[in-house]
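The structure appears below as structure tokens.
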Protein chains: 2
Amino acid sequence: MTINSGGGGTPHKVPTIEDVARLAGVSTATVSRSLNTPERVREGTRNAVASAVKTLGYTPNFGGQVLASRRTNTIGAIIPTMSNAIFAKALQALQETLAARNVTLLVATSQYAPDQEQAQLRTMLARGVDGIALIGNERPPEVYELLTSRRVPFALMWSHPDNLPYLSVGFDNAAAAAEVARHVLELGHRRIGYISGRTIGNDRAKARLSGVASTLAENGCELAADDVVLCDYSLEDGETAALRLLARRTRPTALICGNDVLAAGAMRGARRLGLAIPDELSITGFDDIDLATAVSPALTTVRVPHSRMGTTAGNLLLEWIDSGTQPKSVLFPADFIFRSSLTEAVPVP
Amino acid sequence: MTINSGGGGTPHKVPTIEDVARLAGVSTATVSRSLNTPERVREGTRNAVASAVKTLGYTPNFGGQVLASRRTNTIGAIIPTMSNAIFAKALQALQETLAARNVTLLVATSQYAPDQEQAQLRTMLARGVDGIALIGNERPPEVYELLTSRRVPFALMWSHPDNLPYLSVGFDNAAAAAEVARHVLELGHRRIGYISGRTIGNDRAKARLSGVASTLAENGCELAADDVVLCDYSLEDGETAALRLLARRTRPTALICGNDVLAAGAMRGARRLGLAIPDELSITGFDDIDLATAVSPALTTVRVPHSRMGTTAGNLLLEWIDSGTQPKSVLFPADFIFRSSLTEAVPVP
DNA sequence: TTGCAAGATGTAAGCGCTTACAACAACCTT
DNA sequence: AAGGTTGTTGTAAGCGCTTACATCTTGCAA
């Protein structure tokens, strides 16, 4: 069935622009102008059209509009998952920004899988989106070529690729992670474990890991292969990873985690082993989602500008769509947030 | 600019179905059939079309398709917020279900505000969505009239309205909340506080409150006006509400909360007062999001079938769209989950 | 061989809207 | 008063696709 038929009722003729024009005693062009560029229509005419629209209950047909104007007023967003609160917040901000400009948001998830992201991307292009928001910058060149050849404005969120010429709205994951590592070192920790999200196709996870690893290395505290666990982003995975790291002969005094969910999972693992946090084990997260302050002790973490990224990406995409020229990328700060899950290292028995 | 022009490059002609037809040596009708109903085209012809499509890099124009087929293959979802993990999960399940059937998801949020929901709804209708998913059942009759008169299939999630003839995919909030109250009573609690989400336009919050209130009343444990706090769904609000309830001369021994976020907030409040949970204060939540097991002690709560609701709503909407007849509503169970945040009431000094 | 049903393809009429261009009116300017 | 602006509206040509219907093949029964 179509949106205008079926259902068992009367055929129910949906009014078209032509019906409005007839009733208002003007041409369809005037109706169209009256609706889209009211300032170009005399007030009296405009009112006549408005009242005809009202009595008929007219709504422009989307397909007709799209076909004729070659614009869908739709922007697509492909994020790894909606389960993580952080993407959800950015998405929400993006949606609000777009809604204010009368643009709707098409949403799809990739589950951190590059091929799924590409499939979703193709679907969105086929849907004729006017612009696209993506997370991160690591993808095969073909993807960027596709986007570029289609001339679809797109924004890369969450990262700050200085080797890519594309519009990005993000922050420096490596630098923020390095700062966490620095703080951990300053508090005297030397035996440190790192719990990371999987790094395939995930530049953020890679950058955070390398930020931590290089900072530790620079300070003579090299991260060995088995000081690092790669896993999915779930409480369970964080817990399992923590148990593994804490089972080692010389137990770490601090666990740096790739995000808050992993950190909360790690806390659960530590608790299972009867370790007091932060007295016997320090834990840090990344993202500063609500979870970070819901757990006890509250998580030391990095505040990521999720809402600002969403809002900014939306505005810049709209700007690009309207102007036809790619705006400049934006780099936001990501602040270190000190809370009680991190404290001085005490000598372990 | 349009999605096909601008950007400073060559005019860059996008191939149309006609170009494909010409190259493949067939008519546009055959190309269309070859793409949409391949079984109605001979294999040889189909291959010729396929290769023409490939060499030209053809993608059907969305506007043309919509206009001619009177279908957008798009479904809209309007949820209160994406910040709450629970809606996010349902949304994700919905999106995956739709994607598998080649339908895309348009998302908007209402911030729990009825007028915002209506505005978003109108936008979606204007976008010609083939179906709509909404949360809850409490809205002015005009909204349902609009939906019905437009003959747009829609599903109400999260609730189970037996007084409404519309398609719903939900669970019994009142019954689940009543069960929580019953357990709390059984453990000997008599001084009980309730922290609820705001109830205006929110039937789920209302149902949960009334389920708890009536169960308590039936057991001679009437909820007084100041035993209840209504607030927004945030950790801070939950914390503030808990502080208020716990400041009363006869402190409650149990706090029943309208959802897990409020419960986690309440835990934070209790902790601030130095109260041990569950020994000095029991707390229960609702929803069973990840947060419930991330906090310590883990929250006693109600498991809401978020993913199943998303999947089912998606399937039923698609079924309705294809068949033209409204499917039967679905009622899922919502199980009580016993965890350590709830324990026996001990006489308070 | 003929006739016919079933299958494959082509023809062409829209779907409802926007917009370039033309037409006209009203108002200045010189 | 003629010519030129500026502002308002109408005319009509598409935008790219689907699909009802017509036409042509093919295969097979009689």
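The basis for the numbers below is simple: all heavy atoms, side chains too, and nothing from hydrogens, waters or symmetry mates.
Between Asp19(A) atom CG and dG16(C) atom P there is a gap of 9 Å when expressed in whole angstrom units. Taking atom CZ on Arg42(A) and atom P on dA25(C), their separation rounds to 12 Å, with Å as the unit. Taking atom CZ of residue Phe62(A) and atom P of nucleotide dC17(D), one finds them 16 Å apart after rounding to whole Å. Rounded to whole Å, atom P of dG16(D) lies 10 Å from atom OH of Tyr58(B). In this entry the distance linking CD of Glu18(B) with P of dG16(D) reads 9 Å, nearest Å. Between the P atom of dT19(C) and the CG atom of Leu35(A) lies a distance of 13 Å, rounded to the nearest Å. Atom CD of Glu39(A) is separated from atom P of dG7(D) by 12 Å (rounded to the nearest Å). In this structure, CD1 of Ile17(A) is placed 14 Å from P of dC15(C), rounded to the nearest angstrom.
At the phosphate of dT18(C), OP1 or OP2 sits under 4.0 Å from a side-chain N or O atom of Gln65(A). One finds a side-chain N or O of Ser32(B) lying less than 4.0 angstrom from the OP1 or OP2 phosphate oxygen of dT18(D). Between Thr45(A) and dT9(D) there is a side-chain N or O to OP1 or OP2 distance below 4.0 Å. Note on Ser27(B): a side-chain N or O is less than 4.0 Å away from OP1 or OP2 of dG10(C). At the phosphate of dC15(C), neither OP1 nor OP2 sits under 4.0 Å from any side-chain N or O atom of Asn61(A). For Thr30(B) and dG10(C), the shortest distance from a side-chain N or O to OP1 or OP2 is below 4.0 Å.
Using a 4.5 Å heavy-atom cutoff, the side chains of Val103(B) and Asp130(B) are not in contact.
Ranking dT18(C), dG10(C), dG10(D) by closeness to the Val26(B) side chain, first place goes to dG10(C).
Checking Arg40(B) against Ala68(B), the closest nucleotide of DNA chain C that is more toward the 5' end is the one next to Arg40(B). Residue-to-nucleotide proximity on DNA chain C shows that, of Thr28(A) and Thr28(B), the 5′-proximal contact is made by Thr28(B).
Of the residues Ile321(A), Val152(A), Thr97(A), the one that meets the side-chain contact (heavy atoms from CB on, under 4.5 Å) test with Ile75(A) is Ile321(A).
Relative ring orientation between Tyr166(A) and Tyr144(A) is described as parallel, the plane-to-plane angle staying below 30° on a 0-90° scale split at 30° and 60°.
Counting atom types as modelled, Arg33(B) pairs a side-chain N or O with a base atom of dG10(C) as donor and acceptor under 3.5 Å.
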Discussion item. Please evaluate residues Glu96(B) and Gln111(A) with respect to the criterion side-chain hydrogen bond (donor to acceptor under 3.5 Å, both in side chains), reporting the C-alpha separation (whole Å), side-chain torsions for both, the decisive distance (0.1 Å), and the verdict.
Written reply: CA-CA 10 Å; Glu96(B) 285 167 19; Gln111(A) 317 297 353; 2.5 Å; yes

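Between the Ser34(B) side chain and the Val49(B) main chain, no donor and acceptor come within less than 3.5 Å of each other.
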